Amino acid sequence: MEEQNDRYTESGIRLEPFYRQWNGAHAAPGEFPYTRGIRKDMYRGRLWTMRQYAGFSTAEESNKRYHYLLNQGTTGLSVAFDLPTQIGYDCDHPFAEGEVGKVGVSICSLKDMEVLFKGIRLEDITTSMTINASASILLAMYVALARQQGADMSKISGTIQNDILKEYAARGTYIYPVRPSMRLITDIFAWCGAELPKWNTISISGYHIREAGSTAAQELAFTLSNGRAYVEAAVAQGLDINVFGKRLSFFFNAHNNFFEEIAKFRAARRIWANFMKEAGATDPQAMMLRFHTQTGGSTLTAQQPENNIVRVAMQAMAAVLGGTQSLHTNGYDEALSLPTEKAAGLALRTQQIIAYESGVTDVADPLAGSWFVEELTDALESEALAQMKVIQEMGGSVKAIESGWMQQQIADSAYRYQKSVEQGSRIIVGVNRFQTEEQHDTPVFRVDDSIRHAQMARLAQLKNERNESDTRAALESVKQAASNGTNLMPSIIDAVVHQATLGEISDSMREIFGVYNG
């Protein structure tokens, strides 16, 4: 009798859920060290979450885009925040001028969060929030909104990026010095472990390291070294590795070198599983590297932008063949502007065509046993481990970042890449080879500067209507928790509920922690 989940090729050939490698050298999918994937049947049992990273202008405008994407079949939301929100400033701060709503949505208060998710039940979706320095505050707003909706908190699921080390190394949206920032992260680990059991408390990001110019091997080494630093910090605080380890996730880039990217994802799982086992994890789920992938923003070109459709499709296929749990595909127009609705829809359709038409989801790790893929996986693992050893000998990621070593390695790699493009030894189609005379007629999406005034008006109204004494008392509690070492999450949630703004809560912690000046 035919099994319900049997799969066949168009020629009628029955496909096994996975195939043993010809030499039998590696474990099957779902078996330690998970080189071949974290589940035995991989996408036969469950497809990856199809996320589309979106957020711009006001909460109202972003909410419209979320409803559009959900109606088009996206299975998880991924929120982009504007630069002031990322670095802990409200829209009315002088530093926010010219940046409100430009690279993401402006969120200043719980009221904004209510508008952002209007008509969306948080219990029914998963949400990824790309936020780091102010992650505790955005998570607090999300929790407060879920409670308002009467959600079962044991069902609330999603991810905050919350990876501050890569901000110091590659991106720059930090607020506080390194060590208090690490304390905030472990506070989130502890609080979520008790109160929000399905929430991924960190997405340890290689994406921005790669965007800054690293190689694939450096992306692996630096990301996993940062992950090691978070694990060691949590263990030092007395947290159970088998509890918080299950809620760690990763965020990788997918670039153009098809086979190297696939091998990179396979090597990442193996390195992490072995590290977590050595660190004391015994629960298999605490040893599994789960990751989100985004296609490579830095690979997109303003020249001949429709070529980016091909690049994104190729990168997305590499992520799927590499076993990703979640995927965002970039819009083809993102070298020119924020993605238009059409470009975002096409990016989502790219994932759906891979999932439902290509056949690559029928078999777990279908490239296993390829001499090339296996050799490349081993070589990337070896190179990454060698670089991780150097970092450990320096005292770990925090020391490597504080000394500037990691930043310099990324800068050197970026320089070598750019030089190869300029010299023509690396071909970029439409940029340094196969150029054409172009008319720039691709529609672009622009955010009007006037939205800052609308956002400031909403903020002013909030401040006029709130109970100021309750707000000030809640902010004082944040300062006290920051000073005395108690877990900050309860006081931050209380401040959010009492209508304290993101900027005010950030300033309360700035008073105690200081700021990082690089």
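Here the structure is a predicted model, which means the values were calculated and not measured.
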From [X] atom [atom1] to [Y] atom [atom2], the distance as rounded to the nearest 0.5 Å:
X: Thr126; Y: Lys155; atom1: OG1; atom2: NZ; answer: 15.5 Å
X: Arg65; Y: Ser57; atom1: CZ; atom2: OG; answer: 11.0 Å
X: Lys64; Y: Tyr68; atom1: NZ; atom2: OH; answer: 15.0 Å
X: Thr49; Y: Ile125; atom1: OG1; atom2: CD1; answer: 11.5 Å
X: Ile137; Y: Ile160; atom1: CD1; atom2: CD1; answer: 11.5 Å
X: Leu289; Y: Ile271; atom1: CG; atom2: CD1; answer: 9.5 Å

If you compare all heavy atoms of [X] against all heavy atoms of [Y], which two are closest, and at what distance to 0.1 Å?
X: Trp199; Y: Thr127; answer: CH2-O, 3.7 Å
X: Ala190; Y: Leu239; answer: CB-CD2, 3.8 Å
X: Ala286; Y: Ala281; answer: CB-CB, 4.2 Å
X: Thr201; Y: Cys192; answer: CG2-CB, 3.4 Å
X: Ala146; Y: Leu122; answer: N-CD1, 3.8 Å
X: Leu184; Y: Ser136; answer: CD2-OG, 3.9 Å

Does a side-chain heavy-atom distance below 4.5 Å link [X] with [Y]?
X: Val431; Y: Gln304; result: no
X: Leu300; Y: Thr295; result: no
X: Thr159; Y: Met129; result: no
X: Leu165; Y: Ile401; result: yes
X: Met50; Y: Leu348; result: yes
X: Met489; Y: Ile493; result: yes
X: Asn256; Y: Gln315; result: yes
X: Phe81; Y: Thr130; result: no

- Message: Under the side-chain contact (heavy atoms from CB on, under 4.5 Å) test against Val105, which residue among Val115, Leu116, Asn63 passes?
- Response: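 Considering Val115, Leu116, Asn63, a side-chain contact (heavy atoms from CB on, under 4.5 Å) with Val105 is found only for Leu116.
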- Message: Could you check whether Lys40 makes a cation-pi contact with Phe18, meaning its NZ or CZ is under 6.0 Å from the centre of the six-membered ring and within 45° of the ring axis?
- Response: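 Geometry flag: not set, cation outside 6.0 Å or 45°.
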Between [X] and [Y], is the ring centre distance below 6.0 Å?
X: Phe244; Y: Tyr230; result: no
X: Phe250; Y: Trp272; result: yes
X: Trp48; Y: Phe291; result: no

Whether [Y] and [X] form a salt bridge (side-chain N of Lys/Arg under 4.0 Å from carboxylate O of Asp/Glu) is what I want to check.
X: Asp362; Y: Arg44; result: no
X: Arg266; Y: Asp365; result: yes
X: Asp187; Y: Arg183; result: yes
X: Arg269; Y: Glu381; result: no
X: Asp378; Y: Arg270; result: yes
X: Glu31; Y: Arg36; result: no
X: Arg228; Y: Glu232; result: yes

- Task: With sequence neighbours left out, write down each residue that passes ring pair (Phe, Tyr, Trp, His ring centres under 6.0 Å) with Tyr417, or none if nothing qualifies.
- Result: none
- Task: Start with the C-alpha distance between Asn132 and Lys166, add both sets of side-chain angles, then the distance that settles side-chain contact (heavy atoms from CB on, under 4.5 Å), and finish with yes or no.
- Result: CA-CA 9 Å; Asn132 297 282; Lys166 71 96 171 57; 3.1 Å; yes
- Have Asn162 and Ser203 got a donor and an acceptor in their side chains that come within less than 3.5 Å? no
- Item | Step-by-step salt bridge (Lys or Arg N to Asp or Glu O under 4.0 Å) determination, Arg210 to Glu261 | CA-CA 12 Å; Arg210 191 67 176 280; Glu261 295 303 295; 3.2 Å; yes
- Task: Say whether, by atom type as modelled, one donor and one acceptor occur between the side chain of Thr223 and the main chain of Glu219 under 3.5 angstrom.
- Result: yes
- Query: His67 side chain to Lys118 main-chain N or O, any donor-acceptor pair under 3.5 Å?
  - Reply: yes
- Criterion side chain to side chain donor-acceptor pair (under 3.5 Å) against Asn200, the qualifying member of His292, Arg247, Gln161: Arg247
- Message: Checking Thr301 against Arg311 for the side chain to side chain donor-acceptor pair (under 3.5 Å) test, could you report, in this order, the C-alpha distance in whole Å, the side-chain angles of both residues, the deciding distance, and whether it holds?
- Response: CA-CA 10 Å; Thr301 64; Arg311 293 185 178 103; 3.3 Å; yes
- Residues which pass side chain to side chain donor-acceptor pair (under 3.5 Å) with Arg147, listed by chain and number, not counting sequence neighbours: none
- Query: Yes or no on side-chain contact (heavy atoms from CB on, under 4.5 Å) for Leu248 and Val231, after CA distance, side-chain angles and deciding distance?
  - Reply: CA-CA 9 Å; Leu248 303 178; Val231 168; 3.8 Å; yes
- Task: Show your reasoning for whether side-chain contact (heavy atoms from CB on, under 4.5 Å) applies to Phe259 and Leu367.
- Result: CA-CA 10 Å; Phe259 288 105; Leu367 294 180; 4.1 Å; yes
- Stepwise ring-ring contact (aromatic ring centres under 6.0 Å, His included) test for Tyr207 and Phe252: CA-CA 5 Å; Tyr207 184 85; Phe252 288 115; over 10 Å; no
- Above 12 or not: heavy atoms from other molecules or residues under 6.0 Å from CD of Glu375?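 12 or below, so no.
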- Does atom CD of Glu393 have more than 12 heavy-atom neighbours, drawn from other residues, nucleotides or ligands, at distances under 6.0 Å?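 Above 12, so yes.
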- Message: For Phe222 and Trp405, take the angle between the two ring planes, folded into 0 to 90°, and tell me which bin it lands in: parallel under 30, tilted 30 to 60, perpendicular over 60.
- Response: perpendicular
- Task: Test Asn253 against Gln294 for side-chain contact (heavy atoms from CB on, under 4.5 Å), laying out the working first.
- Result: CA-CA 5 Å; Asn253 209 311; Gln294 181 174 338; over 6 Å; no
